[in-house]
Number of protein chains: 2
Amino acid sequence: MTDDVFKALADPTRRLILDELTDRNGQTLFEICGRLVTKHGLGLSRQAVSQHLAVLEAAGLVSTRREGRYKFHDLHTEPLEHIVTRWLAQPDQEGRTP
Amino acid sequence: MTDDVFKALADPTRRLILDELTDRNGQTLFEICGRLVTKHGLGLSRQAVSQHLAVLEAAGLVSTRREGRYKFHDLHTEPLEHIVTRWLAQPDQEGRTP
DNA sequence: ACGATAGGCAAGTATCGACTTGCCTATCAA
DNA sequence: TTGATAGGCAAGTCGATACTTGCCTATCGT
């Protein structure tokens with residue numbers, strides 16, 4: 001479960017996709033594609049982005065809703081909120097023992 | 001930079017190593033090895049763990065100090081604190097812009 | 001000095017993961 | 001209905017990466 005989230009975040013392109021969905025939620029595959037190409041200059045195929053979105057969805061970071069021939073992608077940030085606290089459990093008292 | 005952190009966290013064994021260092025800071029390679037084998041039942045070689053530690057160190061998540069023939073590994077959690085806020089920047093006001 | 005302990009280096013394997021290519025389905029507009 | 005738009009499926013390629021094996025160096029105890 002958390003494994004899927006970390007694996008999803010491991011790829012820089014997927015992190016960019018999350019950035020773009022943070023900027024504007026509910027985009028379609030083609031919109032995300034366009035943004036990645038124009039704003040970030042990466043040249044990848046539509047299929048590549050589609051597969052990235054599938055990984056993000058499997059990780060619970062993105063949910064999709066279909067309307068007619070459009071499929072909109074929405075960001076879900078809940079899985080991100082607790083994955084890191086696991087090692088940050090010591091609130092601010094970083095116990096350095098010199 | 002953040003790329004190294006996410007890549008480091010992508011592997012479940014490395015996350016376990018962080019867990020063990022959270023439990024007890026300043027362990028040696030052999031100690032970490034022993035914990036992974038006995039507590040988590042994974043059978044991997046010393047080299048494997050050593051390479052994982054190298055990845056964690058390259059990501060800035062672990063620092064090492066040498067004393068005689070021992071090399072102690074210390075956890076650094078700072079890189080973890082800000083990597084996720086990037087998508088959590090909207091505090092609780094999920095701003096859907098209509 | 002010698003053996004044992006703690007760790008490092010380097011090459012090889014083998015699996016996984018990102019990406020492509022080619023074709024297929026579904027919805028909408030004319 | 002036809003063509004254009006939005007997306008899906010399935011295999012195949014290729015580089016990254018997790019792991020092993022074998023040998024080498026350094027420090028400590030006796």
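Throughout, protein chains are lettered first and strands after them, A, B, ... in sequence-line order, and every chain is numbered starting at 1.
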Practice task
Verify the contact: side-chain N or O of A:T28 to OP1 or OP2 of D:dA6, cut-off strictly under 4.0 Å; return yes or no.
Solution key: no

Problem - N/O (side chain, A:K71) to phosphate O (OP1/OP2, D:dG8) under 4.0 Å - result: yes

Handout entry: Atom pair distance, as rounded to whole Å: NZ in B:K7 and P in C:dC16
Key = 18 Å

Problem - Value in whole Å for how far the C1' atom of C:dA26 lies from CG of A:L29 - result: 15 Å

Practice task
Consider the side chain of B:R69, meaning its heavy atoms from C-beta on, and name the nucleotide among D:dT27, C:dG8, D:dT17 that approaches it most closely.
Solution key: D:dT27

Practice task
Find which nucleotide of DNA chain D each of A:H73 and A:Q51 is nearest to by heavy atoms, and output the residue with the more 5' nucleotide.
Solution key: A:H73

Completion exercise
Separation of C:dG7 atom P from B:R65 atom CZ, nearest Å, is 12 Å

Problem - Separation of atom CD in A:E31 from atom P in D:dT5, rounded to whole Å - result: 15 Å

Exercise for the section: Nearest whole angstrom, please: distance from the C1' of C:dA18 to the CG of A:L53. Expected result: 14 Å

Handout entry: Within-4.5 Å side-chain heavy-atom neighbours: A:D11 and A:V55
Key = no

Handout entry: Side-chain donor or acceptor of B:D74 paired with backbone N/O of B:N25 under 3.5 Å
Key = no

Problem - Contacting residues from residues 41-48 of chain B, given that a heavy atom lies under 4.0 angstrom of DNA chain D - result: B:G43, B:L44, B:S45, B:Q47, B:A48

Problem - Any B:H52 side-chain nitrogen or oxygen under 4.0 Å from OP1 or OP2 of D:dT17 - result: no

Problem - Interatomic distance, B:D11 CG vs D:dA16 C1' [rounded to whole Å] - result: 13 Å

Problem - Whole angstrom value for the distance that separates P of C:dC19 from CD1 of A:I17 - result: 9 Å

Exercise for the section: Look at the side chain of A:Q27 and the backbone N and O of A:E20, then say whether any donor-acceptor pair between them is shorter than 3.5 Å. Expected result: yes

Exercise for the section: Return yes if some donor-acceptor pair links the side-chain N/O of A:T77 with the main-chain N/O of A:L80 below 3.5 Å, else return no. Expected result: no

Problem - Test applied, side chain to side chain contact (heavy atoms under 4.5 Å, CB included); reference residue, A:K71; option that passes from A:T28, A:L53, A:T64, A:L29 - result: A:T64

Practice task
Using a cut-off of strictly less than 4.0 Å, decide whether B:R66 has a side-chain nitrogen or oxygen near OP1 or OP2 of D:dT27.
Solution key: no

Practice task
Measure from the side-chain heavy atoms of B:F30 and tell me the nearest of C:dA6, D:dA6, D:dT17.
Solution key: C:dA6

Completion exercise
B:Y70 OH to C:dA4 P, in whole Å, measures 16 Å

Exercise for the section: Say whether, by atom type as modelled, one donor and one acceptor occur between the side chain of B:S45 and the main chain of B:A48 under 3.5 angstrom. Expected result: yes

Problem - Student check: side-chain heavy atoms of B:V62 and B:I17 closer than 4.5 Å - result: no

Practice task
Check whether the side chain of B:E67 and the base of D:dT27 form a donor-acceptor pair under 3.5 Å.
Solution key: no

